[in-house]
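Let me begin by presenting the structure, written as structure tokens, before commenting on it.
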Protein chains: 2
Amino acid sequence: MTRIRVLLADDHDLFRSGVRRLLESAAGLEVVGEARTGQDAVRLVEELAPDIVLLDISMPGASGIDAARLIKTTSPRTGVIMLTVHADEEFLFEAIKAGAMGYLLKDASAEELVRAIQVIYEGEGLLAPTMAAKVMREFARTRETRDLGRILTPLTHREVEILQHVAAGLANKEIAHKLSISERTVKNHLSNIMEKLHVNSRTQAAVYALRSGLVPPEGG
Amino acid sequence: MTRIRVLLADDHDLFRSGVRRLLESAAGLEVVGEARTGQDAVRLVEELAPDIVLLDISMPGASGIDAARLIKTTSPRTGVIMLTVHADEEFLFEAIKAGAMGYLLKDASAEELVRAIQVIYEGEGLLAPTMAAKVMREFARTRETRDLGRILTPLTHREVEILQHVAAGLANKEIAHKLSISERTVKNHLSNIMEKLHVNSRTQAAVYALRSGLVPPEGG
DNA sequence: GCCACAATCGGCCGTTCGGCCTATCGGCGC
DNA sequence: GCGCCGATAGGCCGAACGGCCGATTGTGGC
């Protein structure tokens, strides 16, 4: 039978090792990789295409929430579960808006975690009980929750590639030359990118790419 | 008499407190502020206009080197001294290129630090002895050192303001309207900015602003 | 008073961008 | 096979961008 492929993202080595062992002792699960930063997580999800990624929120560089947002943009098929110490509502709502389908606190039991992975793998959502209560209250309080249903149209691989070059400051013509395609095609891709990201200039798209960690903030 | 006004930037509270007490026990020095991140350092330098800023390299967010680069861009009159544990050549050369006038290791004595501040305040440069040797060797090895002499023309306040709006993704017309000036003036400013930053598009300028911490990476 | 410089604005002009439209080709699912 | 979709490409066109000139005003230093 096929096992659920899981990626772990947390900057604490010890915690990762523990969770890995814990998950691997469960049947039907397989840990296919580990990441220490948000950027690594995004990269590895793209590379390994796991079924589920467990994201810590506090990581050096891009946060787990940033990572979730980008993963939902580039790899929408991977289910995102936040696994964090943060019980704050702000993080919870941000995580949901970023596309997380599960939100568990780190004091969860091994059984709860495994069950969450299975449930999200089946396409359902799952929240820690206290967290669920918060969401319900928020639902009742305001209808801002339409945001939660907003669909983030994912970027294709080619579009991501174009966007990275845009964020490097290249002109359409330079990108075209670099990728050996016509400038017209670059423009078409960029138009699609801007529409998907709801921005209306290459500069805004570049800023989005930088903020979301699509390109390393250090440059290179 | 006027005392030399010093700003401390280091993410270790304990270290800052220690250095502060140490500097204040010396005559002719005054610690006017403390920063925990590169961004804070840049902001406080702009606000307080100290004579000298002591920068750690490893700080959360923008590194001390990023901070140095930006401080030299926005507040060229403030002398920058790196105070760090890093004895690596790369950091040293990067710091010099970023505009640091002094580079001291954290194992320096109190006397050395105070003397460095006075020397740099007088307009001279000062390096830790082992660091100076590296620089000499590098001078001898290659003439890349022309880079060290490269003058980073500082941006004016207005230019910084324009650049921030560019990095927010605004069009020239929008910036003009927001600042109640003509679009032509915005273009002129932006042209000057791009020349100073050695870039040739607004997108590259925006990327520079984001990377250097001129605008917060979180957005807003 | 003079000089340097920041900030403001204008004209002119070529380049780049970005929207709108259509179109071909290849893969993949039903 | 047919349809959907991603990648490729072209034409057309108006708007935005960015370089090159020059010019005025005010402020601050010498």
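Numbered from 1 within each chain, the chains take letters A, B, ... in sequence-line order. Not measured: the values here are computed from a predicted model.
- Each end of the helix from dG1(C)-dC30(D) to dC30(C)-dG1(D) gets its own rotation axis from five pairs of C1' atoms, and the angle between them is 50° to the nearest 10 degrees.
- Backbone-only contact: S191(A) has heavy atoms under 4.0 Å from sugar-phosphate atoms and none from a base.
- For R158(A), the salt bridge (Lys or Arg N to Asp or Glu O under 4.0 Å) partners two or more places apart in sequence, or in a different chain, are E161(A).
- For M194(B), taking side-chain heavy atoms from C-beta onward, the closest of the listed nucleotides dG18(D), dC17(C), dA7(D) is dG18(D).
- In this structure, I181(B) and V199(A) both approach DNA chain C, and ranking their closest nucleotides by distance from the 5' end singles out I181(B).
- Here T156(B) reaches the OP1 or OP2 of dA7(C): one of its side-chain N or O atoms lies under 4.0 Å away.
- The number of heavy-atom neighbours closer than 6.0 Å to CD of E174(B), taken from other residues, nucleotides and ligands shown, is above 12.
- As rounded to whole Å, 9 Å separates atom P of dA7(D) from atom NE2 of H157(A).
- Taking 4.0 angstrom as the limit, R202(A) places a side-chain polar atom (N or O) nearer than this to OP1 or OP2 of dC17(C).
- dA7(D) atom C1' lies 12 Å from atom CG of L179(A), rounded to whole Å.
- Judged by distance alone with a 3.5 Å cut-off, a donor-acceptor contact links the side chain of N188(A) to the base of dA9(D).
- One distance of note links CD1 of I162(A) with CG of L190(A); it measures 8.0 Å at 0.5 Å rounding.
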Assess whether side-chain contact (heavy atoms from CB on, under 4.5 Å) is satisfied between V207(A) and L210(B), documenting all intermediate values. CA-CA 8 Å; V207(A) 169; L210(B) 282 171; 3.8 Å; yes
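- A close approach under 4.0 Å does occur between a side-chain nitrogen or oxygen of H189(A) and OP1 or OP2 of dT8(D).
- Backbone-only contact: S182(A) has heavy atoms under 4.0 Å from sugar-phosphate atoms and none from a base.
- At a threshold of 4.0 Å, the pair R20(B)-E24(B) counts as salt-bridged, since one of the basic side-chain nitrogens sits closer than that to a carboxylate oxygen.
- Using a 4.0 Å cut-off on heavy atoms, the residues of residues 169-176 of chain A that approach DNA chain C are A171(A), N172(A), K173(A), listed by number.
- Without hydrogens or angle criteria, R16(B) side chain to D10(B) main chain gives a donor-acceptor distance under 3.5 Å.
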